[in-house]
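Working notes, structure below.
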Amino acid sequence: MTTQRTGADRRVETSRRNLVLDLLAVGLAVCVVAAAMVVGWQLKHDSVAIFLPFPPLVASWLPHVGPGTVFAPVVAAVCVLYGPTFATRARWPVLLAAAWGMSVAWTTSLALVDGFHTGIAGRLTTYPEYLHDVPLVGDISAMLRDFTGHILVDQPRHWTVHVGAHPPGAFLVFLGLDRIGLSGGAAAGMFCVLVGASACVAVAVTLRALSGETLARTVLPFGVLFPGAVWVGVSADGLFAAVLAWGLALFVVGATNRGVWAAVPALCGGMLLGYTLYLSYGLVLGGLLAVAAVVATRRWWPTLFGVLGAGLVVAAFTAAGFWWFTGFELTKTLYAGSVARTRPYSYFVWANIAALLFALGPATVAGLRRLAVTRRALGWGAGLLVAAALVAVLAADVSGLSKAEVERIWLPFAVWMVVACGSLPRAQHRGWLIAQVVLALLVNHLVLTVW
């Protein structure tokens, strides 16, 4: 009996020590954020043009409430109280449908804190955004052929900021919505929410195929209450995150099956992964996640179908007249002459991480700490995906091609870092979910984000 009590005492002591270390990691993250704020304000005081009203975020200090102030806490309470238990007991298809519905509700309610027009309908209609240039396009084929000729702002007729700074894949999405009658900011905004909110489901599907259903069910509530939902609703980058996630999900499903059930999903997944190259130039780093999936599955035959799918997309855009590398080079020139010119690399190379922490939340920080200490906490495959996402962010950060705005730009990688929450003790899940919720609600109520 004494030995058993001693063993139990040791487990309790270890649990408490780990919790203290988790909280210290979160405290360190808070210090990084605070330092980014202080240094950012000092740069502004010294008249350095960093173009951040509320560093390190692209946001303005504006405490406010809106319709979402009522809805968001209710959605969060339901998820916190019932989500972890429901995730362990519900049938898999029912769980995925419920997770998507709650993710949509969470993202929408956060956006509605700013009001329907400011939070949803008007987000994509401003001058820098995609919808501004939709009326300028009559012939889509001609647009693709001439796309690179309108990237630089010294052209007589040039694209607005977000259209010109991205490949034409994203612009095609909004042109397509307009052509089928879903025109205007409200339709485009809700489309981004509906698609972007499905990223957590895609991550769960991937984890189930790669590391087992238990881990997928464990991580799903954290994916639903993702603090980055503040920027998923509404930004095109939330849409990008979902497309990349579903591309990986389909590829992994194909790579872990046999016969036609391997070829078809792998081919479709490859096509989605190929399309991500034409959503944002930075998503070429999504290839690290794809490589991690290949290494984790060790299935080379389905990989060939994935490569074929991606190749078909590349061939289609090239045949249509858009050469990716030309667009990338012109965009680097565009970026060099933009606000990035006066944003100091020495600040943003670490302040970017502070901005990303707002999207990840304290639970993810604690999960990453545990994963760093116990590498096998998630299993080989899931751990590789988290590592690939971290490397992708590090590469993007060091490149200097992402100075600020990364709270939305890095959403496609942030949704995979949330997988680290699966390493947290189950008994602490509700506490960490509450921490995620509190952060998202504070951000949305205290500052007015551009996205």
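Side chains are part of it too, since the values below use all heavy atoms of this structure and drop only hydrogens, waters and symmetry mates.
Within the structure, the salt bridge (charged side-chain N to carboxylate O under 4.0 Å, His left out) test picks out the following pairs touching residues 121-131 (sequence neighbours left out): Asp114-Arg123.
Shown here for Leu215 and Gly422, the closest heavy-atom pair between the two residues is CD1-CA, 4.1 Å. Ala420 and Leu371 get closest at one heavy-atom pair: CB-CD2, 4.3 Å. Considering every non-hydrogen atom in both Pro55 and Ala36, the closest pair reads CB-O, 4.3 Å. Heavy atoms only, all atoms of each residue included: Phe174 and Leu124 are closest at CE2-CD1, 3.8 Å. Across every non-hydrogen atom of Leu248 and Leu273, the tightest pair is N-CD2, 3.9 Å. Closest approach of Arg145 to Ala320, counting heavy atoms only: CG-O, 3.3 Å.
The closest side-chain donor-acceptor pair between His445 and Thr69 falls under 3.5 angstrom. Looking at Trp231 and Thr449, their side chains never bring a donor and an acceptor atom within 3.5 Å of each other.
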**Request:** Dump the intermediate steps for side-chain contact (heavy atoms from CB on, under 4.5 Å) on Phe147 and Val163, then the final yes or no.
**Result:** CA-CA 10 Å; Phe147 188 85; Val163 176; 3.9 Å; yes
**Message:** Between Thr364 and Phe226, does the side-chain contact (heavy atoms from CB on, under 4.5 Å) criterion hold? Intermediate values first, please.
**Reply:** CA-CA 9 Å; Thr364 306; Phe226 175 47; 6.0 Å; no
**Request:** Tell me, with the steps shown, if Thr125 and His132 meet side-chain contact (heavy atoms from CB on, under 4.5 Å).
**Result:** CA-CA 6 Å; Thr125 60; His132 178 274; over 6 Å; no
**Request:** For side-chain contact (heavy atoms from CB on, under 4.5 Å), just list the numbers for Ile140 and Met143, CA-CA rounded to whole Å, side-chain angles, deciding distance to a tenth of an Å, and then say yes or no.
**Result:** CA-CA 5 Å; Ile140 291 179; Met143 181 274 293; 4.3 Å; yes
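Judged purely by atom type and a 3.5 angstrom limit, Asp237 has no side-chain atom pairing as donor or acceptor with the backbone of Leu411. A donor-acceptor pair under 3.5 Å is absent between the side-chain atoms of Glu407 and the main chain of Leu57, judged by distance alone. Judged by distance alone, the side chain of Ser183 and the main-chain N or O of Asp178 form no donor-acceptor pair under 3.5 Å. Judged by distance alone, with hydrogens and angles left aside, the side-chain atoms of Trp324 form a donor-acceptor pair with the main-chain N or O of Leu277 at under 3.5 Å. When atom types are taken as modelled, the side chain of Lys44 and the backbone of Leu52 share a donor-acceptor pair closer than 3.5 angstrom. No donor-acceptor pair closer than 3.5 Å links the side chain of Lys403 to the backbone N or O of Phe348. No donor-acceptor pair under 3.5 Å is formed between the side chain of Tyr275 and the backbone N or O of Val314. Side-chain N or O atoms of His162 include none that pairs as donor or acceptor with a backbone N or O of Ala170 at under 3.5 Å. With Ser423 contributing its side chain and Gly367 its backbone, the two residues share a donor-acceptor pair below 3.5 Å. Although no hydrogens or angles enter the test, the distance criterion places a donor-acceptor pair under 3.5 Å between the side chain of Arg217 and the main chain of Ala87.
Using a 4.5 Å heavy-atom cutoff, the side chains of Asp397 and Trp410 are in contact. Inter-residue side-chain proximity for Leu390 and Leu368 is flagged as met; some heavy-atom pair is nearer than 4.5 Å. Gln436 is not listed as a side-chain neighbour of Val80, based on a closest heavy-atom distance of 4.5 Å or more. With contacts defined as side-chain heavy-atom distances shorter than 4.5 Å, the pair Pro227/Val443 does not qualify. Contact check for Leu441 versus Leu110: side-chain heavy atoms found under the 4.5 Å cut-off. Taking the side chain as every heavy atom from C-beta outward, Arg369 and Val26 never approach each other to under 4.5 Å. The shortest distance between side-chain heavy atoms of Thr342 and Phe51 falls below 4.5 Å. Looking at heavy atoms from C-beta onward, Phe358 lies in side-chain contact with Pro56 at the 4.5 angstrom threshold.
Between the CE atom in Met271 and the CG atom in Leu308 there is a gap of 9.0 Å [rounded to 0.5 Å]. Taking CD1 of Ile151 as the reference point, atom CG of Asp146 lies at 11.5 Å (rounded to 0.5 Å). Taking OG1 of Thr206 as the reference point, atom CG of Leu250 lies at 8.5 Å (rounded to 0.5 Å). Rounding to the nearest 0.5 Å gives a distance of 10.5 Å between CG of Leu384 and CG of Leu289. The CH2 atom of Trp380 lies 11.5 Å from the OG1 atom of Thr297; values are rounded to the nearest 0.5 Å. With values rounded to the nearest 0.5 angstrom, Tyr278 atom OH is found 7.0 Å from Phe317 atom CZ.
Ring geometry, Trp41 versus Phe54: the interplanar angle exceeds 60°, so the pair is classed perpendicular (tilted spans 30 to 60°). Ring pair Trp159/Phe171 is perpendicular by interplanar angle, where above 60° counts as perpendicular and below 30° as parallel. Relative ring orientation between His166 and Tyr130 is described as tilted, the plane-to-plane angle lying within the 30° to 60° band.
The environment of CZ in Arg157 is crowded: more than 12 heavy-atom neighbours from other residues, nucleotides or ligands sit within 6.0 Å.
Results of the side-chain contact (heavy atoms from CB on, under 4.5 Å) test with Val193 over Val232, Leu239, Thr107, Ile120 single out Thr107 as the only residue that passes. Screening Phe325, Phe240, Phe328, Tyr335 for a ring-ring contact (aromatic ring centres under 6.0 Å, His included) with Tyr281, the sole residue that qualifies is Phe328.
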